[in-house]
Amino acid sequence: MADEQLEKREPQAPPKDPVADRSMSALLMVFSILLIVTLIWALYDEVYGQRPWKSYQKEFVQLYSKHLEAIKPTQKGQEQAIRDSDDYRQLDDQAKAAAAEAAPRLTEINTKVSDIDAQLADVSPPFQDLRAKMAALQYKEDTTDSEGGKQYIRKQIDEVKAEPVSVEIHRDATSGQVDKKEVNFAQLQDIYTGLQSQKGQLISEQIEIGKKSAELAKERDRYFQQHLDGLSDQQVGGLLDKMKKFDYDIKQINLPESGVVDRCESCHTGIREPVTLTAKDVGNRPEFVSHPYKDLLKIHDPDRFGCSTCHGGNGRATTSVEKGHGNYEHWLWPLYAKENTEAGCNQCHDKDRVVAGADVLNRGKDLFQYRGCYACHRYEGFDRESDALADAQQKIGKIDMERDAHQKEIREALAKAGNVESDVEAQRLLHQADSLRQTIASLDANVDQLDIKSKYLMEDQKKFGPNLKDVKVKLKKEWIPIWLQDPQAFRPGTKMPTFRLNADQIKAISAFIWQDALEGPKPATQPTGDANHGKELFKSLGCLACHSIDGRLIDEGNKKLGGDFAADLSRVGEKNSFDYVVRWIHNPRERTAPYCPTEKRDLTPADYQKHGLPYVFDLDHSKCPNDGHELQVQNMTVMPNFRLADQDARDIATFLMQGKRNIQYPDASYMDDASLKEDGKRLVRTYGCAACHEIAGMEDEQRIGTELTKEGSKPIERLDFALLTKDAEAGVDPINGKTLPSPWYNSKGFFEHKLGNPAIYDRGKEKAPEDRLKMPNIYLEGNDVTALTTFLLGSVDTALPETMRYNPASQKKAVEDGWWVVKKYNCMGCHNALIGQDSILMGLSMYQGDGKEQLPPRLTSEGARVNPVWLLRFLHDPSLSDQSGGPPPKGSDAAALGQQPGLNRNGVRSYLKARMPTFNFSPNELQALVNFFMGASDQAQPYIPEKVDTLTADEQNVGRALFTSQAAPCLKCHMTGDPAHDVKATAPNFLLAKERLKPEWTRRWVVDPSLISPGTSMPSGLFKRDHDRWVLNGNLPPDLQKYDKDHVALLVRYMFQMSADEQKRLGAQLASSASKAAAGPTKTTASVNSGQGWRDKVVSSLRR
Amino acid sequence: MDWGQLWSVAAAPDNIPIVAMLFLVPFFTWMGFHQARANDKLVEQLEADPKLAKTHHRKTWPWNANWARDLHVWPYLLRIEFLAVIIVTVVLFVWSITLNAPLEEPSNPNLTMNPAKAPWYFLGLQEMLVYFDPWIAGVVMPSLIIVGLMAFPFVDSNPLGIGYYTWRQRKVAVGSFLFGFFMWIALIVIGTFIRGPSWIWFWPGQTWDHNKVIYEVNRDLPDIFQINGQPWKAIFGVVVVGLFYLVAGLVIHVIVNWSKFEKKIFERTSTLQYLTFQFFAITILVSMPVKLILRLGFRIKYVLVTPWFNI
């Protein structure tokens, strides 16, 4: 037998069905769980993820409530303190007393009224029901056609009228007792109307009685509101309630007309809360703070303007901070960075040269003007004269062509008329010739007007840089190449930018400028003057308002002093010719040779001789001898004429020429090399020098820079980042390679880098010199870069409708237009023209302390103060003389300079050492300035002076007494015209008052001068309030004691009717009374200036 | 290697389907061929064993005794479909949460984008514009492609390989279709990832510099042979195109008749069918890569130049 075990063969398990037997549970489970997870994720994302504002609002409610709870006790305490104060108690007692007084009758009335109400409630329903029935019947009657029908309905009406109605009338409101009555309609009506009129009478009596206590209560509450700092306890409680019932939803401002939909407040929930919230108050969450400029929101209500109009960003986005702020690739208008917020202002205020409250933007606009950006880059509004002139010149040219064409036609017509056969035809041709002649006359009229317009425009047109046609008569030759190479080295802070020129280019440009300049006529040779006297004059005339100088030269420390509107004068001796400086200081507008824009050349004495005219050209002799068009007769500088005598000019020039360093200037004889001239000319054209400077042959050169009026709207694709694109997109600093916090591939980044280094976008490129970027180095500091960037970012092509933009009417528009002129001439160097602005002079040490008296007057209330007609005259000629200028008189020596109208005179304040110069404004600018001041003080134009009643003889005496009383020492300070007296005068002459001042302003001024002009030496508190009139504050002279009317009104009338005789009499009287009265210190009691002005005093006195 | 550039192109919302296509196309091609190989193996097996062929019902496995004869839709198909539904839903959820529909800035009619690219489904055509004249690339070629696809069933004389993946039994059809399809995808990929500003060729990872300036002067074939003036250029072009058709036709003929099987199919094909197939194959499948090489490699723009159209 075999030992083989039968191997049990396991039946092989049948193979599994690959489809039916495969379990998919694992996969299904895994993916089902995934599904649930993603579903929850999707739901979460939908409810919270895409709606972060929900959590923001929740957090805000928490934090805000916490803050409110924290301030509640302080506010409550404050409230309590006010309510406990004596003043409040007094007012409260008064109010309560009045209420108590009225209370009994009021309660009576109230009970009666409620009784009547109950009765009315009973009577009204049946009455109104019947009346309605009757009205319906009446309508039926009116609309029935047949008389019979009408009769029938009339009968019905009568029936209803006669029908008895039973009413139950309560006897009063509370007792519940009723009177039953049966009345017909007429009676019911009587009862009803009777009750109504009774009620009406009672109610009006109620109001009448309650009026006094209501007013007192209002005054008490007004006191409370004025003294409460913040919110009252009740208001805080109200806010807390509001938070408790907070509606968690998207907060949206929807402005259909501009398409603005702003949902910013959905996260920035605290921005308009009445409580001022700082980051600390809301748990260091800066998004919840209040708007930092709530006053701004009062004039730009977000419900009218939205938020994104000013700030940028994507108002509609709510899904994330980046989206909401527009900081993602496809939103072209991202939120302005904090330092550039004011760019948003410029969207609507683009025509405003000064935007109140926007300091960074204003600085940007100032820089744009004062650094001369507008000279190369056209910008709407800046340098408008050049564009208008070009326009006018074009028109004149066209008209000239038309005239020529007509002349030709006339000649042809006349010739034909001579040859033609028929009489009729000849007549027709002659008639045609006549019409053409008339047309030529009307064209001439048009040209006349354009000429006048051009004349004014030419007077107004100024160049940013000095006149280079004068270099041969003005400058030292060797200085020019040194200057071109590095202006900042010679004069740190100069406005001349540094062009990146190599030595050859400098040589060529210097040669061209030198050879292109005028040879003459040279300024008259001047004798040397007194440098010390010149230094004094320089310090005191007001030169430092525009110019700066090294303090050492004027013995005032060792820093640079003065303004930066005009050049620094520390090294004048190294560059200038003495004779030229003298002529310039004497009259900066005096030009070497006039320029004729139509002939396009400078006229020589020969041109004048040809027509037998003397070589005289000024504003009164401004026509070209060759063709009669207007000439440019002034140097195109804004520097005004200080009406100095010849000797003074020499003294100042001598002083300035002392400013120099002992430097050896290298030889520059190549500047006479004619072969360099062509190259130089080409370079001068390439770099656009003629935009800032007058250069012979290039007067009509256009600007070489890009127009920047809408630079902020330029698509990013059009800003050429060149090889720095990658660095910009990656946020890498191109110079030192460091990574910056964010990419700078946007307008802001472009501008900032460009302004910091204008050649930066040439980096890495190999370019021939003439192909390189032409914008020169301007050496701007960090803050200035921010200011200019803000300005440029705000220069946009706005999509806002006109109704949202700033389009002021008359007065504000006058201010808007006037600012351009004020800023052009730097009025703010000497004067305080804008509330809150200090002039340059105010910052100098020589005008501190006692020196304040020598400051030029504040102009913040000029419009309210002066008569516009007088102002026009004054601005035209501040010396208020009626002299005219002209060439030096015959027989004067060779060094004599032109005659000065108003020589050495200040028209109004001759006691001031500072000189208000003559600006030679054109009528356009004069008008703009006058309107500016009037508009700034909300004055109605035209000004119709108040009629000043003539004084009676009595009043004359009283006025005189007032004027010379101890309590009103007017003539101690005010000029009288007597030179001996005026040596110590510090205030204008009263004789000017009638023509110059406005009576209403004078009345306010005399009562509280320090309110109008803080720091004035005119004393305050000269008058005090006595019931309903102003009374002199001090011992009244006997004449005045008898006078029972308003002293201020009398004083002003007296002042406005003062004559020279009267003034002399006053002077004599004053001298005698001064000698009589020993030093009686009847001082004027100066009231503490609590800010309560004239108006407040009047109003509060009326109440008593 | 500018990864930033690569990422910005690949992650652009419009390009996500293309990136997906880069993975999906190879995957599905592989899957198709995987199944084709299994099917071909089975066919071999069945051809070798006729008895098995009689009882074979299932696609890939021989049927076994204890397996059900018919499988019901419920639950077997449905559960697979259910799983597919769940997976698709998960993908959709994740996609919609993470990727937002692209919304770019308001269009500015004064500012044209550079590059201005068509949507991805037309990018192939836009890329073809580089190689062909607009009339050809925009009108003729697309029409021929569509007509060709429509004509395919009529010129197809191969009775085998219908309804299942196979390579051995359908070499010509699958081959030509895949060639055309991959070429189309390639054109789209070039248009998406390679073509940058000014339609300049940028390799992946090269920064798309909008200021890039290249010097590439294209010439027409007649100009190279200094043939000037019509009708000489046209005649020359027609000759060249004619030659191209001949050569290409020969090449296709050789390729198509490579295996014995295909030779048998060839015998079944009528002249009209074959010529139609040749025409479409040459005009669409061969001319495209030839023109691409001519243009990119030799800077030759047009071969046939007439005042009305060029090729």
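Values in this document were obtained by computation on a predicted structure and should not be read as measured data.
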Mind ranking His210(B), Glu105(B), Met113(B), Gln5(B) by heavy-atom pairs under 4.5 Å with chain A and telling me who comes out on top?
->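 Ranked by heavy-atom pairs under 4.5 Å with chain A, first place is Glu105(B).
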Under a 4.5 Å heavy-atom cutoff, which of Asp209(B), Leu111(B), Asn211(B) has the most pairs with chain A?
->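 It is Leu111(B).
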Relative to chain A, which segment of [X] carries a heavy atom at a distance below 4.5 Å: side chain, backbone, both, or neither?
| X | result |
| --- | --- |
| Pro75(B) | neither |
| Thr112(B) | neither |
| Asn114(B) | neither |

Could you tell me the separation between the [atom1] atom of [X] and the [atom2] atom of [Y], rounded to the nearest 0.5 Å?
| X | Y | atom1 | atom2 | result |
| --- | --- | --- | --- | --- |
| Trp67(B) | Asp21(A) | CH2 | CG | 9.0 Å |
| Ile97(B) | Gln50(A) | CD1 | CD | 9.0 Å |
| Phe93(B) | Ile36(A) | CZ | CD1 | 11.0 Å |
| Asn108(B) | Glu717(A) | CG | CD | 8.5 Å |

Heavy atoms from other residues, nucleotides or ligands near [atom1] of [X] exceed 12 (cutoff 6.0 Å):
| X | atom1 | result |
| --- | --- | --- |
| Phe122(B) | CZ | no |
| Tyr48(A) | OH | no |
| Phe82(B) | CZ | no |
| Glu257(A) | CD | yes |
| Arg37(B) | CZ | no |
| Lys726(A) | NZ | no |
| Lys767(A) | NZ | yes |
| Trp201(B) | CH2 | yes |

Should Thr207(B) and Glu729(A) count as side-chain neighbours, where that means a heavy-atom distance under 4.5 Å?
->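 Answer no - side chains too far apart.
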For the pair Arg22(A) and Ile80(B), evaluate side-chain contact (heavy atoms from CB on, under 4.5 Å) and give the outcome as yes or no after the intermediate values.
-> CA-CA 11 Å; Arg22(A) 189 182 296 166; Ile80(B) 298 174; over 6 Å; no
What's the verdict on side-chain contact (heavy atoms from CB on, under 4.5 Å) for His330(A) and Leu103(B), showing C-alpha distance, side-chain angles and the deciding distance?
-> CA-CA 8 Å; His330(A) 296 295; Leu103(B) 183 66; over 6 Å; no
What part of Trp41(A) gets closer than 4.5 Å to chain B, counting heavy atoms only: side chain, backbone, both or neither?
->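 Both backbone and side chain of Trp41(A) come within 4.5 Å of chain B.
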Leu27(A), part contacting chain B, at a heavy-atom distance under 4.5 Å =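 Both the backbone and the side chain of Leu27(A) come within 4.5 Å of chain B.
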Interface residue of largest heavy-atom contact number with chain B, from Thr319(A), Leu39(A), Leu34(A), under 4.5 Å |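 When all of Thr319(A), Leu39(A), Leu34(A) are compared, Leu39(A) has the most.
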Among Val85(B), Leu83(B), Thr89(B), find the residue that satisfies the side chain to side chain contact (heavy atoms under 4.5 Å, CB included) test when tested with Phe31(A).
->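 Looking at Val85(B), Leu83(B), Thr89(B), the match for Phe31(A) under the side chain to side chain contact (heavy atoms under 4.5 Å, CB included) is Leu83(B).
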